[in-house]
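All remarks here apply to the structure that follows.
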Amino acid sequence: MALKGNLRDFTITQILNLINLARKTGTLVVEGPGGVAQVVFREGKLAYAQIGEEDNSLAAVLHRSKKINPAQYRILKERANQVSDKELGLVLINAGYITQQEVINALQQYFSSVVRRLFTWAEGIFHFDNDAQPPPDRISVKVSLENLIIEGSRQLREWAQLQEEIPSLDMALKFADRPGTNLKNIQLSVEEWRVVSYIHPKNSMRQIAQTTKMNDLEIRRVVYSLLQAGLVEIIRPAAPAAQPPVALPMVNKTTQKSLVQRLINRIRTL
Amino acid sequence: MQTVKMVVTGPFSAGKTQFIRSVSEIDVVSTERKISAEAEKIKATTTVAMDFGRISIDDDLVLFLFGTPGQKRFDFMWEILSEGMLGFVVIVDSTRPETFREARSILETFRAYAPTPYIVAANKQDLPDAWDVEDMRYALRLDEKVKLLPCVARDKESVKNILLELLYAILEELEQSKD
Ligand SMILES: Nc1nc2c(ncn2[C@@H]2O[C@H](COP(=O)(O)OP(=O)(O)OP(=O)(O)O)[C@@H](O)[C@H]2O)c(=O)[nH]1
Ligand SMILES: [Mg+2]
């Protein structure tokens, strides 16, 4: 019988468990609040994933995991569309911009993150297609499902609670105007700092999540801890704010000159 | 460990791979592929991805030479490679005037990517039908201020000379620029 059903009766974690135990090969298609997700498995291992309209090309994945910079990403998006992901991976590796392991890690992390996002979907329908394979020009990976399944079951309870506390990400945040609270005296995690730096009545939590590359669960988790610490309040968002500018690296001229002189001296003796 | 890079570019079969190979201390890492079907019958392989060579300068400085891929399909790599380069070399095959226009256009493209110094190498000057360097200056429409030098990419001394001239130009530019 075809594997299909409703997420209310059968959770993502349970589906993954089945795929893992039965060492299934094929594509799990889930239609839920975040759009349509397609997750490909080979012999019970995660191979590839695509969610909604999200760009899962190699360039986009490398950009998200900060393996290439925004300028390089823009160039690849504008100009590398005739080149398949496999070819692109090869050129970037050959050019020394990235190692093969970094390509694989970035893809594994991205595909796993797609699965993690599915854990947060309470509503939706799914079916498993035994034949569908990843597009042939894409790079696929092999990720064991055990860890994802364990994470998924842990998240399930946390998620339910967080959703009650922070039902909508379309709301914005503002700093609580309580006297005596000084951010400098509070130890925040890296994630918390990232969120804090974007707090503005014009930025919705969804926008902050996108900018800081957090998923729905991660942003809620951070906001929840900031709420608990009394640092922020949830408010209705104002008109959208502009993105912060990106700093350009500067190089000192004297250092550059001595560097060029070293190059000259060395090449003379070749 | 600090690394700096220079880009070696030029039309198909100009001698980019050969140029890098002559001075690199490692075997040039290149992804050569048999030229398909009716593609230019000039040589058997072309660089599809890229080649890069390495020269260690001292204990904590390494110079990388990046050769641009020959095929148009990969020209998005030009802009990526050009980021942060010290300068670039445009290699032109002196025996193939039919490639001069393309050489000119590659030069302009790189100049637009980065305002770094560059040098034009009139390669294969050892061949009998090589054009005179000064004739090439006219054909390539190069201003007299642009450094255009004879080159034999198979000869290490000749390649060293090109790299040194480029470095002199970079130093000069630094002297002139304001802080
Ligand atoms: N006689 C002579 N032959 C040269 C010289 N430089 C390169 N060649 C030859 O010219 C041909 C092309 O050289 P490559 O170094 O492969 O050229 P390329 O620019 O890397 O070519 P693509 O990567 O295909 O664009 C080869 O057969 C080289 O041996 C030179 O200075 N003199
Ligand atoms: Mg080559």
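Every value quoted in this text rests on a predicted model; they were computed, and no experiment measured them.
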Residues of residues 141-163 of chain B contacting chain A, heavy-atom criterion under 4.5 Å, by residue number: K156(B), E157(B), K160(B), L163(B)
Results of side chain to side chain contact (heavy atoms under 4.5 Å, CB included) for D60(B) - residues two or more places apart only: R262(A), D58(B)
How many angstroms lie between atom [atom1] of [X] and atom [atom2] of [Y], to the nearest 0.5 angstrom?
| X | Y | atom1 | atom2 | value |
| --- | --- | --- | --- | --- |
| I75(A) | S82(B) | CD1 | OG | 6.5 Å |
| L81(B) | Q72(A) | CG | CD | 9.5 Å |
| L171(B) | Q256(A) | CG | CD | 10.5 Å |

Student check: side-chain heavy atoms of N69(A) and E83(B) closer than 4.5 Å: yes
Close side-chain approach of L167(B) to Q261(A), heavy-atom, < 4.5 Å: no
Proximity breakdown for L86(B) and chain A, heavy-atom pairs closer than 4.5 Å: side chain
I57(B), part contacting chain A, at a heavy-atom distance under 4.5 Å: both
Inspect the surroundings of [atom1] in [X] and state if more than 12 heavy atoms from other residues, nucleotides or ligands are less than 6.0 Å away.
| X | atom1 | result |
| --- | --- | --- |
| E108(B) | CD | yes |
| K142(A) | NZ | no |
| R101(B) | CZ | no |

Partner chain B: residue of L88(A), L259(A), L76(A) with the largest heavy-atom pair count (under 4.5 Å): L259(A)
Under-4.0 Å salt bridge between R74(A) and E79(B): yes
Side chain, backbone, both or neither of I68(A) within contact of chain B (heavy atoms, under 4.5 Å): neither
Most contacts with chain A, counted as non-hydrogen pairs under 4.5 angstrom, among L166(B), L63(B), L61(B): L61(B)
